[in-house]
Amino acid sequence: MQLSEQEIVRRENLQKIKDLGINPYPPEAFPVNAFAADIKANYKEEILDDGTKNRLNYQDVCVAGRIMAQREAGKAMFMNIQDSTGQIQLYLRRNEMGEGEDFTFFDVLIKKLLDIGDVIGVKGYVFNTKTGETSIHVTELKLLAKALRPLPIVKRDAEGNVHDAFTDPELRYRQRYVDLIVNPEVKETFLKRTKLVNSIRQFLNEQGALEVDTPVLQAIPGGAAARPFITHHNALDVPFYLRIANELYLKRLIVGGFDWVYEFSRNFRNEGMDRTHNPEFTILEFYVAYQDYFWMMETTEKMLEKAAIDTNGTTDVKVGENTISFKAPFKRVSIFDAIKEHSGFDVSEMDEAGLRDVCKKLHIEVDKTMGKGKLIDEIFGETAEKHFIQPTFITDYPVEMSPLTKKHRSKSGLVERFELFCNGKEIANAYTELNDPIDQRERFEEQVKLMERGDDEAMFIDHDFLRAMEYGMPPMSGIGFGIDRLAMLFTNQASIQEVLFFPQMRPESF
RNA sequence: GAUUCCGUAGCUCAGUCGGUAGAGCAUUUGACUUUUAAUCAAAGGGUCCCGGGUUCGAGCCCCGGCGGAAUCACCA
């Protein structure tokens with residue numbers, strides 16, 4: 001291994017620390033009793049009549065964290081350490097750190113052998129410096145973990161400007177741990193993502209929904225139209241697919257008698273990667289017996305309004321140039337009205353030839369494998385989709401592109417389906433679910449025809465799913481939310497890689 | 001998968017017309033007992049992503065590859 005100058009110095013320092021009889025990776029617990037952010041927010045002191053200070057709290061703290069900066073000042077020293085809540089300054093004095101006249105600990109270990117990046121624990125008392133910085137006056141220091149690689153040094157000045165920011169996306173994503181250490185706003189983004197997920201989970205649990213787990217390894221990759229990853233089970237000697245959706249399993253559970261089930265489903269799709277697609281991603285799906293897609297729209301509004309407030313404290317979310325309001329209710333527009341409004345064409349009564357003609361006039365590329373449904377979807381995607389910035393339900397899709405959806409109660413050729421668009425992107429997809437097993441079998445057979453026509457994303461027939469439906473599937477409504485995209489919206493990130501801790505990358509060679 | 005752009009010290013970046021490789025931070029040595037982008041003095045640190053080619057001479061020009069980003073296609 002080729003070591004840099006700084007790595008060699010740190011390895012030498014490690015050996016010197018061992019030579020001093022100090023374990024650079026001690027096993028025993030360190031009794032942390034305070035955190036940087038709490039101390040800085042809550043420390044209090046008063047000035048007495050004689051001018052001396054009376055420190056009121058945090059006079060016996062144990063704090064652990066990573067050294068982020070060192071400033072030597074003669075026989076004293078300042079450090080910034082960073083714990084899970086933020087940074088706080090340490091103040092150390094030579095004559096307080098030794099035993100008697102032996103100042104080895106301060107002169108050698110602290111001044112020479114500790115480096116930026118090392119994890120330490122300190123005991124001491126809190127005070128305010130002359131310049132007003134709340135700091136820990138350290139009386140004891142313990143090395144908890146020696147760092148052998150130098151961190152990127154990011155500096156922030158008094159105005160809050162960042163200097164020498166660690167920005168290279170490749171390094172940030174491949175070494176997310178470093179990104180999280182030196183870029184506090186990255187940590188913020190992920191904390192928000194978890195707040196969002198917690199809010200949704202809380203909402204669903206309070207409504208009486210049941211969180212469940214269903215198979216990731218599936219013999220038939222159902223519930224969506226996408227290319228799957230394929231793997232192999234050795235003992236059974238059969239192929240398995242990583243799930244592209246969990247829809248058909250959740251519906252089986254509704255057959256089994258649960259009224260409302262949900263799952264945050266990690267799905268896998270073997271498709272291109274870009275700033276809105278990662279090969280593995282998270283969809284929240286839930287299915288609710290005896291409800292329809294109108295009820296689902298109202299539930300979606302409630303859930304997202306709460307999620308916005310829980311995540312950002314307000315229903316307004318700033319995304320790039322736009323401010324998006326998640327205040328319920330959301331607009332509802334049928335897909336045909338949306339197309340008419342943004343393309344000028346009324347495609348509601350058109351056959352496949354008419355649709356192909358419209359595509360030609362709009363200069364939309366199509367191929368022979370596309371059926372009526374896919375053509376309509378294409379026209380919508382090219383002309384209308386990007387205009388829906390505020391949350392909008394696009395409703396009543398053509399039957400051809402919705403093989404799992406119940407036919408519309410009053411409009412022939414359509415199904416009871418909506419997609420929720422936000423900032424010009426789809427973030428949810430919901431149906432009044434098809435529960436007629438004869439109809440479902442016919443729809444699957446239509447998919448087989450599409451497959452034969454060359455559509456490699458058409459759905460497989462899942463015979464066990466049909467069997468379950470034949471036992472009697474309660475009417476229900478179901479929905480899927482793109483959780484990563486929701487997280488992007490709520491954290492104002494333009495790239496999915498910014499809301500995934502470890503986005504997929506080409507494997508690194510060492 | 002296609003196109004465009006990018007790859008120089010641990011990090012962030014300069015590098016002119018093709019002519020001995022530069023800065024700030026970090027590192028090392030020294031000074032400083034309330035500093036905070038600490039300051040002051042000095043020093044060290046490079047497979048210029050990899051491999052070819054052109055040239056007397058390549059970080060720079062040409063070709064191929066690797067990695068990343070953006071746009072497009074597929075998709076959520």
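Each chain gets a letter, A, B and so on, in the order the sequences are listed, and its residues count up from 1. Keep in mind that this is a model prediction, so the values were computed, not measured.
Paired with A:Phe418 under the rule ring pair (Phe, Tyr, Trp, His ring centres under 6.0 Å), one option of A:Phe330, A:Phe393, A:Tyr431 passes, and it is A:Phe393. Partner A:Glu263 forms a salt bridge (charged side-chain N to carboxylate O under 4.0 Å, His left out) with one of A:Arg243, A:Arg201, A:Lys251 and no other, that one being A:Arg243. Exactly one of A:Ile230, A:Ile220, A:Asn270 qualifies for a side chain to side chain contact (heavy atoms under 4.5 Å, CB included) with A:Tyr241. That residue is A:Ile230.
Nucleotide B:rC56 forms a pair with B:rG19, judged by Watson-Crick or G-U wobble geometry with both contacts under 3.5 Å. Nucleotide B:rC40: paired with B:rG30 (Watson-Crick or G-U wobble, both distances less than 3.5 Å). Pair assignment for B:rG51 gives B:rC63, based on Watson-Crick or G-U wobble hydrogen-bonding distances that are each under 3.5 Å. B:rC72 is paired with B:rG1 under the criterion used here, namely a Watson-Crick or G-U wobble arrangement in which both key atom distances are under 3.5 Å.
Contacts of A:Glu72 with the nucleic acid, taken as non-hydrogen atoms under 4.0 Å apart, include base atoms. Looking at heavy-atom distances under 4.0 Å, A:Arg269 makes contact with a base. As judged by a 4.0 angstrom heavy-atom cut-off over every strand, A:Arg10 is placed among residues making no nucleic acid contact. If you check every strand for non-hydrogen atoms under 4.0 Å, A:Asn278 touches a base. Residue-level contact check: A:Asn429 touches neither bases nor backbone, having no heavy atom under 4.0 Å from any strand. When heavy atoms are screened at a 4.0 angstrom cut-off, A:Gly272 is found touching base atoms of the nucleic acid. At a threshold of 4.0 angstrom between heavy atoms, the contacts of A:Glu426 are confined to the sugar-phosphate backbone, with no base atom among them.
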Filtered N/O pairs between nucleotides 65-67 of chain B and protein, under 3.5 Å:
{"unit_1": "B:rG67", "atom_1": "OP1", "unit_2": "A:Arg506", "atom_2": "NE", "d": "3.3"}
{"unit_1": "B:rG67", "atom_1": "O3'", "unit_2": "A:Arg174", "atom_2": "NH2", "d": "3.0"}
{"unit_1": "B:rG67", "atom_1": "O2'", "unit_2": "A:Glu170", "atom_2": "OE1", "d": "2.9"}
{"unit_1": "B:rG67", "atom_1": "O2'", "unit_2": "A:Glu170", "atom_2": "OE2", "d": "2.3"}

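At whole-Å resolution of the value, CD1 in A:Ile67 and P in B:rU36 are 19 Å apart. The CG atom of A:Leu489 sits 17 Å away from the P atom of B:rA76 (whole-angstrom rounding). Rounded to whole angstrom, the span from the CD atom of A:Gln87 across to the C1' atom of B:rA38 amounts to 15 Å. The separation between A:Tyr125 atom OH and B:rU34 atom C1' is 11 Å, rounded to whole Å. Remark: P of B:rA31 and CZ of A:Arg94 are 11 Å apart, rounded to the nearest angstrom. In this structure, A:Asn80 places its CG atom 14 Å from C1' of B:rU34, rounding to the nearest Å. In this structure, A:Met273 atom CE and B:rG1 atom C1' are separated by 14 Å, rounded to whole Å. Distance A:Lys111 NZ to B:rU28 P: 12 Å, rounded to the nearest Å.
Less than 4.0 Å separates RNA chain B from at least one heavy atom of each of the following residues of residues 493-504 of chain A: A:Gln497. Across residues 130-140 of chain A, A:Lys130, A:Thr131, A:Glu133 each have a non-hydrogen atom less than 4.0 Å from an atom of RNA chain B (numbered order).
Nucleotides B:rG1 and B:rC74 have their C1' atoms positioned 10 Å apart, rounded to a whole Å. Nucleotides B:rG59 and B:rG19, compared at atom C1', are 13 Å apart to the nearest Å. Using C1' as the reference atom, B:rC25 and B:rA73 are 43 Å apart when rounded to the nearest Å. B:rG18 and B:rA58 have their P atoms separated by 14 Å, with the value rounded to a whole Å. Taking atom C1' on both nucleotides, B:rC6 is separated from B:rC48 by 14 Å, rounded to a whole Å. Across the C1' atoms, B:rA21 and B:rC62 are found 23 Å apart, a figure rounded to whole Å. A gap of 16 Å separates the P atoms of B:rU55 and B:rC60, to the nearest Å. Straight-line distance between the P atoms of B:rA31 and B:rU12: roughly 33 Å, to the nearest whole Å.
Side-chain contact, A:Glu498 with A:Ser495: no donor N or O sits under 3.5 Å from an acceptor N or O. One side chain, A:Asn54 or A:Glu46, offers a donor N or O that lies under 3.5 Å from an acceptor on the other.
Every residue meeting the ring-ring contact (aromatic ring centres under 6.0 Å, His included) condition with A:Phe380, not counting sequence neighbours, appears here in chain and number order: A:Phe421. Considering only residues two or more places apart in sequence or on other chains, A:Phe190 meets the ring-ring contact (aromatic ring centres under 6.0 Å, His included) condition with A:Phe501. Residues passing the ring-ring contact (aromatic ring centres under 6.0 Å, His included) test with A:Tyr262, sequence neighbours excluded: none. With sequence neighbours excluded, no residue forms a ring-ring contact (aromatic ring centres under 6.0 Å, His included) with A:Phe465. Partners of A:Ala165 according to the side-chain contact (heavy atoms from CB on, under 4.5 Å) rule, which considers only residues two or more places apart in sequence or in another chain, are A:Val162, A:Thr167. Taking A:Asn198 as the reference, nothing meets the side chain to side chain donor-acceptor pair (under 3.5 Å) condition, with sequence neighbours excluded. With sequence neighbours excluded, the residues forming a side-chain contact (heavy atoms from CB on, under 4.5 Å) with A:Leu90 are A:Met79, A:Ile81, A:Leu92, A:Ile120, A:Val122, A:Ile136, A:Val138, listed by chain and number. Residues passing the side-chain contact (heavy atoms from CB on, under 4.5 Å) test with A:Lys112: none are found, sequence neighbours excluded.
To the nearest 0.5 angstrom, A:Leu151 atom CG is 9.0 Å from A:Phe166 atom CZ. Note that CD of A:Glu211 and CG of A:Leu284 are 9.0 Å apart. Values are rounded to the nearest 0.5 Å.
When distances run from any side-chain atom of A:Arg485 to the nucleotides B:rG30, B:rU33, B:rA76, the shortest one goes to B:rA76.
With a 6.0 Å radius and a threshold of 12 heavy atoms from other residues, nucleotides or ligands, A:Lys40 has its NZ atom above the threshold.
Side-chain nitrogen and oxygen atoms of A:Arg71 include none within less than 4.0 Å of the OP1 or OP2 phosphate oxygen of B:rU35. For the pair A:Lys155 and B:rA26, the criterion of a side-chain N or O lying under 4.0 Å from OP1 or OP2 is met.
Sequence order on RNA chain B of the closest nucleotides to A:Asp377 and A:Arg275 puts A:Arg275 first from the 5' end.
Centre separation under 5.5 Å together with a plane angle under 30° does not hold for the ring of A:Phe78 and the six-membered base ring of B:rA38, so they are not marked as stacked.
Using modelled atom types, one side-chain atom of A:Thr392 and one backbone atom of A:Gln390 make a donor-acceptor pair closer than 3.5 Å.
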Annotated protein contacts, base or backbone, on nucleotides 4-14 of chain B with a non-hydrogen cut-off under 4.0 Å, one of B, S, - each: ------BSBS-
